[in-house]
Amino acid sequence: MPVARRETCDGRVIAHVDMDCFYVQVEQRKQPCLRGLPTAVVQYNSYKGGGLIAVSYEARKCGVKRSMRGDEAKEACPEIQLVQVPVARGKANLNTYRNAGSEVVTILSRKGRCERASIDEVYLDLTDAAQTMLMETPPESMEHVEEEVIKSHVLGLQVKDGVDAKEEVRKWLCRSDASYQEKLLACGAFIVADLRMQVLKETEFTCSAGIAHNKMLAKLASAMNKPAQQTVVPHSSVEGLLESFPIKKMKQLGGKLGTSLQSDLGINTVGDLLQFSEEKLQQHYGINTGTWLWNIARGISGEEVEERLLPKSHGSGKTFPGPQALKTFASVQHWLNELSEELSERLDSDMDQNKRIAHTLTLHARAYKRGDLDSHKKFPSKSCPLRYGTTKIQEDALTLFHAGLRDFLGIFNSKTHSSENNNWGITALSVSASKIVPIPSGTHSIAKYFVERLPSGSSSNQPVDNVIDEVAPSSPSGENCWEVIPNEMQVEYLEEDPGMNHSNACLDQPDLLGNLSENVDGLTEESSLVAPPGNEDRVTQIESCRDIPAKEPRHASDAYSLKAVEKKKAAGKKPQGNCSITKFFNNYHSSQSSFEQKNVANAQGSPSASSSYLANNQVEMLPEEVDKNSIGCIPQRSQTWSYNIDEIDPSIIDELPPEIQDEFRTWLRPRKRPHVVKRGSNITQYFRPDK
DNA sequence: ACGGATCTGACT
DNA sequence: TAGTCAGAT
């Protein structure tokens, strides 16, 4: 539905704050000797000096641009300082920038609703704060105005020659005869200047900002005077501002839609767009997009600032351009392991710091296929329920990859020359986690309960093992039972039955077995993914992808090894507990698939650890949704447990240790789903047939 | 098939 | 839901 039509000038005070060449600033803070020098941040300097991803303003003056190569940058600016992005697990690691971005967001969210728009940008809705300020300390009654405030740029403000611009700005900001809305904007300028000073003081980072009546205009304004400046857009200046503004520079019009506007309608500036009726635009681009275009031509944008300080998803990816394309399963598995490990680490941090849990794992890849007819087909993305724990994510990512590859190649192809190929290459891989929701009940009492009972010294983060010669354990301990416990609580868990570990539940699925087992067999024999470290298969694996550091895959996975599955199946059931919770689970599952039974068996070792996952997954949804959750997902039909919370006898809670009963109760009490307001689509109807 | 690594949002 | 596409930085 179209965004509700707003008056050209709604009463809001919106700011967009944009960090100046953020990555450069982060590096300069780390290395203060770089301050003031032409500097750029570069990743992967091996090929043509690496690609620039941030350029300081000094370097921009010498013509250095983002998306140049390091070599080109040196040419344009021989004195340039190139700083490399940190590398971990053979890929760029942006954590330092993410963390720095969080520092900034924390500060910028102090004065009003704050939406983290990217790693280095936020929108603020300062309407309330501005109104309050106008009532309590109106600018017109100030005897002194901060330097940072009067350094603002006010669009449309005429400054005659020889007149002090700052004094003009001060007068504009403090006018007593301004309209109410302009007074509010002026207050916004004060508030934003103050926030920017706080950011500078507390983080040493400078930023630029735009203050306007809506997000679109605020965003435009923040880019107009950089670095370290702010720009106010009074309503009266909007028309003049937009009239000659290049259409392609409008947010959302930088891509195909903007190009279509240019080539199909001859529109090059927002002013050009003004001449088209709403109906005409709708004819071309659909109702929503048409109306949206008509509105933005007039500086109207009703988008709300969403309250959100944290990202909605996490991803870890890497490209393997041209000659580096991955051509063996072993190399793909290696990189999936690395990417998964990073993702897992970030998910653990997110859980620790923000008490959130992600529910979906998605694999994306880019691939090419030589020869064949439909070689243009894209590698499909695949997703499945996300299971916490590095090895789990690694296994699931690999399974998703195989599912994607199978679709990509077509089932016929995969039957004939399924395994080690010489007709496909992977040019990009990424794993991402989404559907991140808060853990119900902030207390974490269950997790605490367990951590308090664990032997001291065994907890805390497992060190990231970067040991080159580490021998991959054939059966890393603890995975199954502790997967949902935050990092800080992961401990070495003495598994009575190692055979239960390293489960690859996917293979228990009959439908998948049918399709994959051939691949599995082929793989197992030809490429020896299950090969122990040190044998000759490993050598070929390393040779086949020279990008792989000489390091063992940490968890040499027995994924796809049917033997492993057999082992698991043979693994005896654990002694059944007496408590009725486990009885309940077992009874419930006696009628379910064998896969789910296996989870029950796992639960014996650590009932509430695993149960917590159950609750986390299910409590968010309404009872009638629970069933749906358990079906239809590749590769695993259900890797989480599916219990209808209505069917759980609340009295079982009484059998839990008292200190965790409350938390459990909140899980069993279904929560109301947050009502998600869907905003109108913007350009997304671009492909409508009526075009 | 070198603008990389991430992220969001809409639609089907 | 999973999967695709567009767009941004």
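Chain identifiers are assigned alphabetically (A, B, ...) following the order of the sequence lines, protein sequences preceding nucleic acid strands; residue numbering begins at 1 within each chain. Just so it is clear, the values below take in all heavy atoms, side chains as well, and ignore hydrogens, waters and symmetry mates.
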Short side-chain N/O contact from [X] to OP1 or OP2 of [N], under 4.0 Å:
{"X": "A:Arg116", "N": "B:dT6", "result": "no"}
{"X": "A:Lys312", "N": "B:dC7", "result": "no"}
{"X": "A:Ser383", "N": "C:dG3", "result": "yes"}
{"X": "A:Ser381", "N": "C:dA2", "result": "no"}
{"X": "A:Arg308", "N": "B:dG9", "result": "yes"}
{"X": "A:Arg98", "N": "B:dA5", "result": "no"}
{"X": "A:Tyr44", "N": "B:dC2", "result": "no"}
{"X": "A:Lys48", "N": "B:dG4", "result": "no"}
{"X": "A:Lys435", "N": "C:dA2", "result": "yes"}

### Message
So if I take every side-chain heavy atom of A:Tyr368 and compare against C:dC5, B:dA5, B:dA1, which nucleotide ends up nearest?
### Response
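The answer is B:dA1, which lies nearest to the side chain.
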### Message
For the aromatic rings, using the six-membered ring if either is Trp, is the centroid distance between A:Phe408 and A:Phe401 under 6.0 Å?
### Response
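Between A:Phe401 and A:Phe408, which both carry aromatic rings, the centre distance is not below 6.0 Å.
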### Summary
The residue, A:Thr319 or A:Gly322, whose nearest nucleotide of DNA chain B is more 5′ is A:Gly322
### Task
Take the protein atom OH of A:Tyr47 and the nucleotide atom P of B:dA1, then report the distance between them rounded to whole Å.
14 Å
### Task
Look at the rings of A:Trp335 and A:Phe320 and say which category their plane angle falls in: under 30° parallel, 30 to 60° tilted, over 60° perpendicular.
tilted
